[in-house]
Amino acid sequence: LTERAVAQLVRETIASGAEDEFCRSCHRATGGNPLLVHELLGAIAADGLDPSAAAVPRLNELAARAGSRAVAIRLSRLPPAASRLARAVAILGEDADPHCAAALADLEERPASEATTALARADILRGHPPLGFVHPVIRAAVYKGMTGIERERGHARAADLLAEAGAEPERVAAHLLRTPPAGDSRVAEVLLE
């Protein structure tokens, strides 16, 4: 949806006097995705949030929670391989290599390709390499939907996969920094490099 269409929905659903900055923030937080807009408007109404510019920080918190619920519903309707691939891409970050994402998700080439197609049809991932989410709110929802241990293990494995693939040390280190200290000299070497 366009910024104007989101503003119209906000004013029809929440309050006719919703401030412009609030409406623009609703569009930014959802990227105009109709499902996310609907979820956000429901969360705003349930919270009783005043549609003013002063309420934008609270709006952003509500958007993250509303996005999590919407994404969880979408992922629950897809095959398990699609959920695994979405979590792998969330760990790897934007512009993830499809082969690395498949390896991190423990998927062979064909199931990974099918999972990518399913995620693209569900408007979760872009359907072309490099892999990434259609909106940062969706990535945040998938990432936050994992437990802390799942995220730590995922980042540790991502670091190993990237190192094996010859990725630059900065990319490997970015994942190592998201793992708990373990006294591993190899990790220290990568971080120093």
Side-chain angles (χ1 to χ4, degrees), residues 29-31 33-36 39 61 63-193:
T30 63
N33 180 294
L35 177 63
L36 295 177
E39 290 290 327
E61 293 172 24
R65 281 203 326 256
S68 294
R69 186 171 51 250
V71 171
I73 290 168
R74 282 192 208 176
L75 285 174
S76 72
R77 295 178 181 150
L78 298 176
S83 293
R84 291 192 348 240
L85 184 64
R87 288 191 299 271
V89 174
I91 293 285
L92 290 167
E94 279 304 302
D95 300 329
D97 175 72
H99 301 292
C100 189
L104 186 56
D106 289 322
L107 295 172
E108 298 294 327
E109 185 177 338
R110 184 179 178 119
S113 177
E114 291 168 355
T116 301
T117 300
L119 289 163
R121 285 187 181 142
D123 206 22
I124 293 173
L125 287 186
R126 297 186 307 260
H128 53 81
L131 298 179
F133 290 89
V134 296
H135 193 276
V137 168
I138 295 176
R139 180 192 181 265
V142 172
Y143 190 79
K144 289 178 182 177
M146 291 182 274
T147 67
I149 292 172
E150 288 173 323
R151 288 190 295 263
E152 288 172 359
R153 287 180 181 160
H155 283 294
R157 184 136 186 263
D160 290 341
L161 289 169
L162 289 169
E164 289 171 14
E168 55 275 0
E170 292 84 357
R171 287 188 62 208
V172 176
H175 291 284
L176 292 174
L177 289 171
R178 294 176 178 246
T179 62
D184 186 343
S185 61
R186 181 187 59 87
V187 170
E189 289 171 15
V190 171
L191 293 175
L192 283 171
E193 188 178 343

For this session: For R139 and F133, indicate whether the former's side chain and the latter's backbone hold a donor-acceptor pair under 3.5 Å.
Result: no
For this session: Test salt bridge (charged side-chain N to carboxylate O under 4.0 Å, His left out) on E152 and R178 and set out the steps.
Result: CA-CA 6 Å; E152 288 172 359; R178 294 176 178 246; over 6 Å; no
Problem set entry | CD (E109) with more than 12 external heavy atoms under 6.0 Å | no
Problem set entry | Side chain E164, main chain L161, donor-acceptor under 3.5 Å | no
For this session: Work out which heavy atom in A86 is nearest to a heavy atom in L75; give both atom names and the distance.
Result: CB-CD2, 4.1 Å
Problem set entry | Atom pair CG/NE2 of L177 and H155 - distance to nearest 0.5 Å | 10.5 Å
Exercise. CG of L119 to CG of L131: how many Å apart, nearest 0.5 Å?
Worked result: 9.0 Å
Seminar exercise, completed: Closest non-hydrogen contact found for C100 with L162 is SG-CD2, 4.0 Å
For this session: Tell me, with the steps shown, if R74 and D123 meet side-chain contact (heavy atoms from CB on, under 4.5 Å).
Result: CA-CA 9 Å; R74 282 192 208 176; D123 206 22; 3.6 Å; yes
Seminar exercise, completed: Heavy-atom closest pair (I91 atom, A158 atom, distance to 0.1 Å) is CG2-CB, 4.0 Å
For this session: Begin with the C-alpha distance, continue with both residues' side-chain angles, and end with the deciding distance and a verdict on salt bridge (charged side-chain N to carboxylate O under 4.0 Å, His left out) for D97 and R171.
Result: CA-CA 12 Å; D97 175 72; R171 287 188 62 208; over 6 Å; no
For this session: Dump the intermediate steps for side-chain contact (heavy atoms from CB on, under 4.5 Å) on R186 and D160, then the final yes or no.
Result: CA-CA 11 Å; R186 181 187 59 87; D160 290 341; 3.3 Å; yes
For this session: Mind listing the closest non-hydrogen atom pair of L85 and A102 along with its distance?
Result: CD1-N, 4.1 Å
Exercise. Do D106 and R84 pass the side-chain contact (heavy atoms from CB on, under 4.5 Å) test, and can you show the C-alpha distance, the side-chain angles, and the key distance before you say yes or no?
Worked result: CA-CA 8 Å; D106 289 322; R84 291 192 348 240; 4.2 Å; yes
For this session: Determine, step by step, whether L78 and I124 satisfy the side-chain contact (heavy atoms from CB on, under 4.5 Å) criterion, reporting the C-alpha distance in whole Å, the side-chain angles of both residues, the deciding distance to 0.1 Å, and the verdict.
Result: CA-CA 11 Å; L78 298 176; I124 293 173; 4.2 Å; yes
Problem set entry | Straight-line distance of R126 CZ to T116 OG1, nearest 0.5 Å | 11.5 Å
Exercise. Does NZ or CZ of R151 come closer than 6.0 Å to the centre of the six-membered ring of Y143, within 45° of the ring's axis?
Worked result: yes
Exercise. Closest heavy-atom contact between A96 and V89?
Worked result: CB-CG1, 4.4 Å
Seminar exercise, completed: H175 and L92 have their tightest heavy-atom pair at CE1-CA, 3.8 Å
